[in-house]
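Positions are given from 1 along the sequence.
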Amino acid sequence: KASLQELLGVKDLTGMRFLDIGSGSGLFSLAAIELNAKEVYSFDYDQNSVDCAKSLRAKYEVPETRWRIERGSVLDADYIQQLPMSDVVYSWGVLHHTGAMWKALELAATRVMSGGILAIAIYNDQGWQSKLWTAVKRYYNRGVLFQIPLIIFFQLLFGAIGLVADLAVYRRSPLIRYRNYESSARGMNRFTDLLDWLGGYPFEVAKPEEIFHFYQKRGFELTNLRTVGGGHACNEFVFTRVANIVD
């Protein structure tokens, strides 16, 4: 909830309709419910994610009329067009995994009502490093014969980098890194996190200015920006729709 409040710059979502594109586990949709959104629409391409979100809805006893959960694709223009216009359209770290990022960015914006908010997170373009990671991810997804050596290599590589950092920079026991990893902001153990990163394909990136100009031409004004300072993670953008979307 705090993450949504900080990113969107709002205290709550009272009276708002919240559209969660690529809702995953449904956790942020639930947070929107907890922040008093009047209606939440969640969809994801992955059926396991849809089922997980539905289990959260049942656990917290949220009426289906208030929280609608479906399987759908942001690349399906017909599906997107039948979704309601929303006060907040939220898609964190999703659209760059569709295989058609710019189309996904375009279609996501069509559901933002005038004066509404679009919040997205897109992988930062690091030039040659991004190209290298794209190749790694492509090979990883070719099958288990490619996965095993890549997992071993990067497990050893990241382990060695962490060891040097702990001993030479932080001057602490390397065991602390592994003991505290699951309780850190990532919320998963180190090995699962590695698989999550290596398996993230399709994989596309963009420079902050590319996202800014793309939406500026479509009647959006940038209201919040958090970059990763040239790193490999996601830049976060919040736009407000101030004019009609143009072709």
Trainee: State plainly whether one hydrophobic cluster holds both Phe28 and Ile21, where clusters connect Ile, Leu, Val, Met, Phe, Trp and Tyr through side-chain heavy atoms under 4.5 angstrom apart.
Mentor: no

Trainee: Do you know which two heavy atoms are closest between Leu4 and Ala31, and how far apart they sit?
Mentor: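 That would be CD1-CB, 3.8 Å.
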
Trainee: Hydrophobic cluster mates of Val164, side-chain heavy atoms under 4.5 angstrom, ILVMFWY only, any path?
Mentor: none

Trainee: What is the minimum heavy-atom distance between Thr240 and Gly115, and which atoms define it?
Mentor: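 Between these two residues, the closest heavy atoms are CG2-O, 3.8 Å.
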
Trainee: Using the side chain to side chain donor-acceptor pair (under 3.5 Å) rule, collect all pairs that involve residues 150-168, keeping only residues at least two apart or in two chains.
Mentor: Asp166-Arg172, Asp166-Arg177

Trainee: Taking C-beta and beyond as the side chain, do Leu198 and Trp133 meet within less than 4.5 Å on heavy atoms?
Mentor: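 Side-chain contact under 4.5 Å: yes.
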
Trainee: Locate the shortest heavy-atom distance separating Gln5 from Leu35; write the atom from each residue and the value.
Mentor: NE2-CD2, 3.5 Å

Trainee: Is it true that, when you exclude Tyr170 itself, more than 12 heavy atoms of the residues, nucleotides or ligands shown sit nearer than 6.0 Å to its OH?
Mentor: no

Trainee: Among residues two or more places apart or on two chains, list those pairs meeting ring-ring contact (aromatic ring centres under 6.0 Å, His included) that have a residue in residues 45-87.
Mentor: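 Of all non-adjacent pairs touching residues 45-87, those that pass ring-ring contact (aromatic ring centres under 6.0 Å, His included) are Phe43-Tyr79.
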
Trainee: Check whether any side-chain N or O of Thr227 sits under 3.5 Å from a backbone N or O of Leu225 as a donor-acceptor pair, and report yes or no.
Mentor: no

Trainee: Counting distance only, does the side-chain N/O of Arg17 pair as donor-acceptor with the main-chain N or O of Val88 below 3.5 Å?
Mentor: no

Trainee: Please check if atom CZ in Arg142 has more than 12 non-hydrogen atoms from other residues, nucleotides or ligands closer than 6.0 Å.
Mentor: yes

Trainee: Does either side chain, that of Asn36 or that of Asp12, offer a donor lying less than 3.5 Å from an acceptor on the other one?
Mentor: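 No donor-acceptor contact under 3.5 Å links the two side chains.
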
Trainee: Only distances under 3.5 Å count here; give the side-chain donor-acceptor pairs of residues 199-211 to other protein atoms, sequence neighbours excluded, each with its distance to 0.1 Å.
Mentor:
| unit_1 | atom_1 | unit_2 | atom_2 | d |
| --- | --- | --- | --- | --- |
| Tyr201 | OH | Arg138 | NE | 3.3 |
| Glu204 | OE2 | Ala100 | N | 3.3 |
| Glu204 | OE2 | Met101 | N | 2.9 |
| Glu210 | OE1 | Lys207 | N | 2.8 |

Trainee: Would you check if Gln126 and Asn124 make a side-chain contact, meaning some heavy-atom pair closer than 4.5 Å?
Mentor: yes

Trainee: Contact between Arg66 and Lys38 at the side-chain level, heavy atoms closer than 4.5 Å - yes or no?
Mentor: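 Answer no - side chains too far apart.
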
Trainee: Under 6.0 Å between ring centres: does that hold for Tyr215 and Phe239?
Mentor: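 Yes, ring centres under 6.0 Å apart.
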
Trainee: Any side-chain to backbone donor/acceptor pair from Lys137 onto Trp197? Under 3.5 Å, distance only.
Mentor: yes

Trainee: Looking at every heavy atom in both Val89 and Ala108, which two are closest together, and how far apart are they?
Mentor: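 Distance-wise, the nearest heavy atoms are CG1-O, 3.8 Å.
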
Trainee: Are Ile33 and Leu7 connected in the hydrophobic side-chain network, where two residues link if heavy atoms are under 4.5 Å apart?
Mentor: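 Ile33 and Leu7: one cluster.
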
Trainee: Just jot down the ring pair (Phe, Tyr, Trp, His ring centres under 6.0 Å) partners of Phe237, sequence neighbours excluded, or say none.
Mentor: none

Trainee: Quick check: does any side chain N or O of Thr223 sit under 3.5 Å from a backbone N or O of Val238, one acting as donor and the other as acceptor?
Mentor: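 Answer holds: yes.
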
Trainee: With a 3.5 Å cut-off and no angle check, do the side chains of Ser23 and Asp20 form a donor-acceptor pair?
Mentor: no

Trainee: Hey, what do you get for OG (Ser86) to CE (Met16), rounding to the nearest 0.5 Å?
Mentor: 11.5 Å

Trainee: Can you measure from CG (Asn189) to OG1 (Thr192) and round to the nearest 0.5 angstrom?
Mentor: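 Going from the CG atom of Asn189 to the OG1 atom of Thr192 covers 3.5 Å.
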
Trainee: side-chain hydrogen bond (donor to acceptor under 3.5 Å, both in side chains) with Glu236: which residues, sequence neighbours excluded?
Mentor: Trp92, Arg226

Trainee: Applying the 4.5 Å side-chain criterion to the ILVMFWY set and letting contacts propagate, would Tyr140 and Phe153 be lumped into a single cluster?
Mentor: yes

Trainee: Taking 4.0 angstrom as the limit, do Arg241 and Glu221 come out as a salt bridge?
Mentor: no

Trainee: Output yes when a side-chain donor or acceptor of Arg71 lies under 3.5 Å from a complementary backbone atom of Asp46, and no otherwise.
Mentor: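 It does not hold such a pair.
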
Trainee: Keeping the roles fixed (side chain from Asp44, backbone from Val50), state whether a donor-acceptor pair exists under 3.5 Å.
Mentor: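 Not at all, since once roles are kept as given, no pair shorter than 3.5 Å links the two residues.
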
Trainee: Same cluster for Val74 and Leu19 if Ile/Leu/Val/Met/Phe/Trp/Tyr side chains link at under 4.5 Å?
Mentor: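 Hydrophobic grouping puts Val74 with Leu19.
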
Trainee: Per the side-chain contact (heavy atoms from CB on, under 4.5 Å) rule, which among Ile122, Val228, Ile120 passes with Asn235?
Mentor: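 Among the candidates, only Val228 passes.
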
Trainee: Measure the shortest side-chain to side-chain distance between Phe191 and Ile151 over non-hydrogen atoms and say whether it is less than 4.5 angstrom.
Mentor: yes

Trainee: Would one find more than 12 heavy atoms of other residues, nucleotides or ligands at under 6.0 Å from atom NZ of Lys131?
Mentor: no

Trainee: I want to check something: taking the side chain as every heavy atom from C-beta on, are Phe220 and Leu118 in contact at a cut-off of under 4.5 Å?
Mentor: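 Phe220 vs Leu118: side chains touch.
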
Trainee: If you define the side chain from C-beta out and look only at heavy atoms, does anything of Glu106 sit under 4.5 Å from Phe214?
Mentor: yes

Trainee: What distance do Leu107 atom CG and Leu95 atom CG have between them, rounded to the nearest 0.5 Å?
Mentor: 9.5 Å

Trainee: Nearest 0.5 Å, please: how far is CG in Leu56 from OG in Ser29?
Mentor: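 So the gap between those two atoms works out to 9.0 Å.
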
Trainee: Of all the heavy-atom pairs spanning His232 and Tyr123, show the shortest one and how long it is.
Mentor: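 Heavy-atom minimum between the residues: O-CD2, 3.4 Å.
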
Trainee: Quick check: Trp102 with His96 (ring centres under 6.0 Å apart)?
Mentor: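 His96 vs Trp102: aromatic centres not under 6.0 Å.
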
Trainee: Can Glu70 and Arg68 be counted as an ion pair, charged N to O under 4.0 angstrom?
Mentor: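 Salt bridge: yes.
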
Trainee: Counting only heavy atoms from other residues, nucleotides and ligands, does the tally under 6.0 Å from CD of Gln82 exceed 12?
Mentor: yes

Trainee: Indicate if Ile152 and Phe146 have the same hydrophobic cluster label, given that clusters are the connected sets of ILVMFWY residues with side-chain heavy-atom separations under 4.5 angstrom.
Mentor: no

Trainee: Kindly give the heavy-atom pair with the smallest separation between Leu163 and Pro174, and that separation in Å.
Mentor: CD1-CG, 3.4 Å

Trainee: So how far is it from Leu27 CG to Lys1 NZ, rounded to the nearest 0.5 Å?
Mentor: 11.0 Å

Trainee: Establish, yes or no, whether a centroid distance under 6.0 Å links the rings of Tyr41 and Phe18.
Mentor: no

Trainee: Roughly how far, to the nearest 0.5 Å, is CZ of Arg190 from CG of Leu194?
Mentor: 9.0 Å

